[in-house]
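Start at 1 and go down the list; that is how both ligands and their atoms are numbered.
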Amino acid sequence: MLIRIPKPWELPERAAAPEHIYRGRRRFLRSSVLAAGAGWALPAKLLRAGSGQAEPGYRLLDAPRHPKFERVEGRPIAPESIAAHVNNFYEFTLHKERVADLAANFRSRPWQVEVKGRVEKSFRFDVDDLLQRFPLEERVYRHRCVEAWSIVVPWVGFPLKKFVEWCRPTSKARFLRMVSFYRPAEAPGQREMDWYPWPYYEALRMDEATNELAMLVVGSYGHILPNQNGAPLRLIVPWKYGYKSIKSITLFEFTEKQPKTFWSDLVPREYDFSSNINPGVPHPRWSQATENELTLGRRIPTLLYNGYGEYVAHLYQ
Ligand SMILES: Nc1nc2c(c(=O)[nH]1)N[C@H]1C(S)=C(S)[C@@H](COP(=O)(O)O)O[C@H]1N2
Ligand SMILES: [Mo]
């Protein structure tokens, strides 16, 4: 390849934040070690939060918690101060702790979304129509990035399956392709890193898209989704590495052939289409056996399908 593409493992967070950063011990804040930074010191405000509480200022959403996904055994819900300030969103920056600031003025409303391809009829809708159309629910899911950090987040949304049915795909539809926005004027990462094939694109097989776990997300922590987490509409597929969960979706296209995906186009040897979380399959450059749980502040074993085998293992037999 002629163009040099920064790889996830070359990013400052690769070494992951020193574990003590996440333990909420404020005295570390004053230490020059942290101030000098190992490249990835979290802003002070992250350390002030208690567990699970929301940041103020976003429109609240009325969404009962789904009884099957009320909690994750043995793992705390991340405080929003972590979930909303440790982000991967390359359209803005490669620096996780800076996404929130750089995305703050992004105009995520009004937001038009297009549905096309193998559907009875193409159409467009405004994202806020979805909030009326589908009853919202909250689900607490594990999130596991391929860079081997993880968090537990309470998302608000509805099953992707319900959305797929609403789109009325034809019998030819075998995959669902999703595309993010392209607005370089508002997204510095798109401007400055023009070697990436923007806009970001991802895809699922139809049996994955209609699996009960797959969720379209419009909120988190009981309120409208913050820009940095992919407002106004994102995917969450918790049994796959985080990069499959595409943010800020503008297009859904039903296809007959398997679509290409952003990361597998960039580094085909390292990122495949399905990208299921599997501790037994090391990434070519590092192990996937464990993960740095940001709220616990320590490494824990990574689970096959991120612990969701009972829901999805049958898809891959
Ligand atoms: N459009 C878009 N979607 C994206 C990404 C991105 O850079 N752009 N990053 C992915 C990666 S690598 C991860 S780990 C998750 C991070 O989601 P979070 O910031 O809400 O935790 O978003 C995924 N979706
Ligand atoms: Mo990721």
Side-chain angles (χ1 to χ4, degrees), residues 5-9 11 13-14 16 42 46 55 77-103 106 108 111 113 141-157 177-184 186-190 192-193 196-204 215-221 224-251 261-267 270-271 275 277 283 286 288 291-295 302 306:
I5 296 153
K7 305 291 196 300
W9 60 87
L11 302 180
E13 71 284 359
R14 171 183 55 92
L42 296 182
L46 272 72
E55 301 206 316
I77 292 177
E80 184 168 18
S81 55
I82 294 179
H85 295 276
V86 180
N87 301 110
N88 271 337
F89 206 164
Y90 281 21
E91 283 85 341
F92 294 96
T93 174
L94 307 189
H95 297 280
K96 293 185 191 345
E97 76 289 0
R98 294 183 56 212
V99 174
D101 279 351
L102 289 169
F106 180 69
S108 52
W111 190 272
V113 184
Y141 275 168
R142 303 177 192 89
H143 173 92
R144 205 305 192 164
C145 175
V146 75
E147 299 158 350
W149 55 269
S150 65
I151 47 176
V152 171
V153 179
W155 302 111
V156 175
R177 173 174 181 261
M178 287 151 280
V179 181
S180 295
F181 64 91
Y182 182 63
R183 287 204 240 144
E186 287 175 74
Q190 291 187 328
E192 291 158 16
M193 300 184 285
Y196 282 112
W198 309 115
Y200 198 97
Y201 47 102
E202 258 301 339
L204 298 171
M215 199 179 174
L216 275 185
V217 163
V218 296
S220 59
Y221 295 87
I224 282 288
L225 201 61
N227 285 345
Q228 62 267 34
N229 292 108
L233 180 67
R234 75 172 299 176
L235 177 71
I236 289 289
V237 277
W239 71 99
K240 294 175 179 288
Y241 289 114
Y243 58 84
K244 293 291 288 186
S245 291
I246 182 174
K247 293 173 165 181
S248 305
I249 301 169
T250 65
L251 168 68
T261 64
F262 185 88
W263 279 108
S264 64
D265 275 354
L266 281 165
V267 202
E270 300 182 358
Y271 305 102
S275 296
I277 294 169
H283 183 278
W286 69 85
Q288 291 290 10
E291 64 205 45
N292 179 17
E293 218 292 344
L294 298 186
T295 313
T302 287
N306 206 18

Check the pair Arg142 / Glu291 against salt bridge (charged side-chain N to carboxylate O under 4.0 Å, His left out), numbers first and verdict last. CA-CA 12 Å; Arg142 303 177 192 89; Glu291 64 205 45; over 6 Å; no
For the pair Tyr200 and Lys247, evaluate side chain to side chain contact (heavy atoms under 4.5 Å, CB included) and give the outcome as yes or no after the intermediate values. CA-CA 9 Å; Tyr200 198 97; Lys247 293 173 165 181; over 6 Å; no
Non-hydrogen atoms of Val99 and Asn87 that approach each other most closely: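 Scanning both residues completely, I find the closest heavy atoms to be CG2-O, 3.5 Å.
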Tell me the closest heavy-atom pair linking Ser245 and Arg234, and the distance in Å.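 Nearest heavy atoms, Ser245 then Arg234: O-NH2, 3.1 Å.
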Parallel, tilted or perpendicular: which fits the ring planes of Tyr196 and Phe262, with parallel below 30° and perpendicular above 60°?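 Aromatic pair Tyr196/Phe262 classed parallel.
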Atom-level proximity to ligand 1, residues with heavy atom under 4.0 Å: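 If the criterion is a heavy atom under 4.0 Å, then ligand 1 touches Asn87, Asn88, Phe89, Tyr90, Glu91, His143, Cys145, Trp149, Trp155, Ser180, Tyr200, Asn229, Arg234, Gly242, Tyr243, Ser245, Ile246, Lys247.
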Excluding sequence neighbours, so at least two apart, what forms ring-ring contact (aromatic ring centres under 6.0 Å, His included) with Phe106?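 Partners of Phe106 by the ring-ring contact (aromatic ring centres under 6.0 Å, His included) criterion, ordered by chain and then number, come out as Phe92, Trp111, Phe181.
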